[in-house]
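Throughout, protein chains are lettered first and strands after them, A, B, ... in sequence-line order, and every chain is numbered starting at 1.
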2 protein chains.
Amino acid sequence: MSPPLRPTRPEPGSAPPGARKGGTRHDHIVEDIRSLIVDGRWPPGSQLPVETELAERYGVSRMTMNKALGQLARDGFLVRRKKSGTQVAQPRAESAVVAIVDIRDEVRRSGRAYRFHLLARRARPGREEDALLLGAAPGVGEVVWLQGLHLADDRPFCLETRLINPAIAEGAKAQDFTDLTPGGWLLGAVPWSVASHRVRAVNATAAEAKLLELAVGEACLEIVRRTQAAGEWVTGVRLLYPGSEHQLVANFGPEAGGGPGRG
Amino acid sequence: MSPPLRPTRPEPGSAPPGARKGGTRHDHIVEDIRSLIVDGRWPPGSQLPVETELAERYGVSRMTMNKALGQLARDGFLVRRKKSGTQVAQPRAESAVVAIVDIRDEVRRSGRAYRFHLLARRARPGREEDALLLGAAPGVGEVVWLQGLHLADDRPFCLETRLINPAIAEGAKAQDFTDLTPGGWLLGAVPWSVASHRVRAVNATAAEAKLLELAVGEACLEIVRRTQAAGEWVTGVRLLYPGSEHQLVANFGPEAGGGPGRG
DNA sequence: CGCGCCCATATGTCTAATCATAATCGGCAA
DNA sequence: TTGCCGATTATGATTAGACATATGGGCGCG
């Protein structure tokens, strides 16, 4: 069950108390310990010295050490239990997180020119098939349906099909989406959003293939995002990427922690 | 650009100082403010009272309030800048995180019986094509190559192709994978792992389609995971899911935060 | 009127101290 | 030997106080 060698009381490797140059003290400590763990110098399951001793070794107060250890625990690198002390966490599952980023940023980051081309827009009553995009029936009210193409260097990059709740996102009927993307506009117009995502692989239909300039049946990455605000649905969108064009990438440590920025 | 109504100094809604029942004080405050934000009562961009005032209203010290606000800022709900004070964050991008979970857990959670069927295993010198799975050349040493099928109720669920570094993962040549999955075995045998993931949509080749009992060319979700330990590659794996079978789901708040557990 | 300096201010960080909580360890008794 | 119970101990939470730092706005000078 357990590897042959597993130390029990690791030393805080190369951590001379006065050797930091930038950042705050507990940030420095967090980075130091994180590297010790990721590099394998502190294997999972190994016991850390007690808080007071670590604080002494790093030359900080127990509170500062506590903050650093608490952060590492919150990020999934450490497991802390009363009395038992602090241990390096075991990698729990082959889980990961994948970031889905904004399309415009994505295109621009790849050094290509971004453009959005609105293909169609209609205001119509909600239908039953809309539930596919929204997860639930849109209700009796009117919805705004639209379809557009995200272009990278004027070549198709992603096909967007979207439903907007005009009751919440006013102006959706009037908004000109020739330059601004519906997503970007909504982000500015709607107060808040909680969303759920679904990622699948699908074969391109004839219509989709034509718009994306693909062969019929080519594998595409489908991302469906449903956004809510204050309990009401705001928008449902289906993004279709050619499989050859797009990929989701994640680099991560033990659990999922760390995250994008760190403040 | 901005919504018509946007309060500037919101009140800490239903937060009487003595009305908490469980959890710690700053956890309670975090939950309270989070709900205020998610419910839309504190719209993005609105200014919060200063730390000292909030601390007074909640009946805690500034340190505790600071901890709560710092946590909310770390999770992306708030933006804090010196002098300017604390504001509710604008939803910055249409970004999300998607969790990739362990296959066995995944199958079992869907109520089906899980089984792994090893198709082939070979120990051979590293080749140049292995870089596709590992990101870099495997070096001069020997590698263990294997292919197997994850079955749900004895029907193909996922095709796994894997390379293992036997120098690190000893026993890879001898291990019997008829019941235990290679991924599960590696997690127990190898001390630590840092991994990178890539998710794409691909069309099934003839060989893949036959193994997964699909039509040739059917869209599949491809997940490539490269795992390292102590700077050395441990394993590279390619998981191929039929697009109709598999989907990745994410539910999330404003940025990516919140995460799995919080305690 | 415009530019730049200065300071009030709000957050950021850190400390020492105290109380709370939980879990382990060891002793004691049945 | 076994089981229970309390003492020990390590983390967790919280507080008041102090200093650091950045910055936005006001004020003065050119």
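Rounded to whole Å, the distance from CD on B:E53 to P on C:dT11 is 10 Å. Taking atom CD on A:E51 and atom C1' on C:dA16, their separation rounds to 14 Å, with Å as the unit. Between A:R25 atom CZ and C:dC14 atom P the separation is 6 Å, expressed in whole Å. When the C1' atom of C:dT18 is taken as reference, atom CE of A:M63 falls 12 Å away, rounded to whole Å. Spacing between atom CD of B:Q87 and atom P of C:dA10 amounts to 14 Å, rounded to whole angstrom units. The CZ-C1' distance, from A:R62 to C:dT18, rounds to 10 Å in whole Å. As rounded to whole Å, 16 Å separates atom C1' of C:dC14 from atom NE2 of A:H28. Atom pair B:L48:CG and C:dT9:C1' shows a separation of 17 Å (rounding to whole Å applied).
Comparing B:G85 and A:V60 along DNA chain C, the residue whose closest nucleotide (by nearest heavy atom) sits nearer the 5' end is B:G85. Between B:H26 and A:S84, the residue anchored nearer the 5' end of DNA chain D, judged by the nucleotide with its closest heavy atom, is A:S84.
Contact footprint of chain B on DNA chain D: nucleotides with an atom under 4.0 Å from a non-hydrogen protein atom, first to last in 5' to 3' order, D:dA13 to D:dG24.
A 4.5 Å side-chain heavy-atom check between B:W233 and B:R226 finds every atom pair outside the cut-off. A heavy-atom distance below 4.5 Å is not found between the side chains of A:L48 and A:Q87.
Comment: A:R74 engages B:D75 in a salt bridge, judged by a side-chain N to carboxylate O separation of less than 4.0 angstrom.
Scanning for side-chain hydrogen bond (donor to acceptor under 3.5 Å, both in side chains) contacts around A:T52 gives an empty result, with sequence neighbours left out. Considering only residues two or more places apart in sequence or on other chains, A:R80 meets the side-chain hydrogen bond (donor to acceptor under 3.5 Å, both in side chains) condition with A:E51, A:T86.
Taking the ring centroids of A:H150 and A:F157, they lie at or beyond the 6.0 Å cut-off.
A donor-acceptor contact under 3.5 angstrom links the side chains of A:D32 and A:Y58, judged on distance only.
Among the nucleotides C:dA16, C:dT9, C:dG12, the one closest to any side-chain atom of A:S61 is C:dA16.
Under 3.5 Å, the side chain of A:R80 and the base of C:dT21 form no donor-acceptor pair of N or O atoms.
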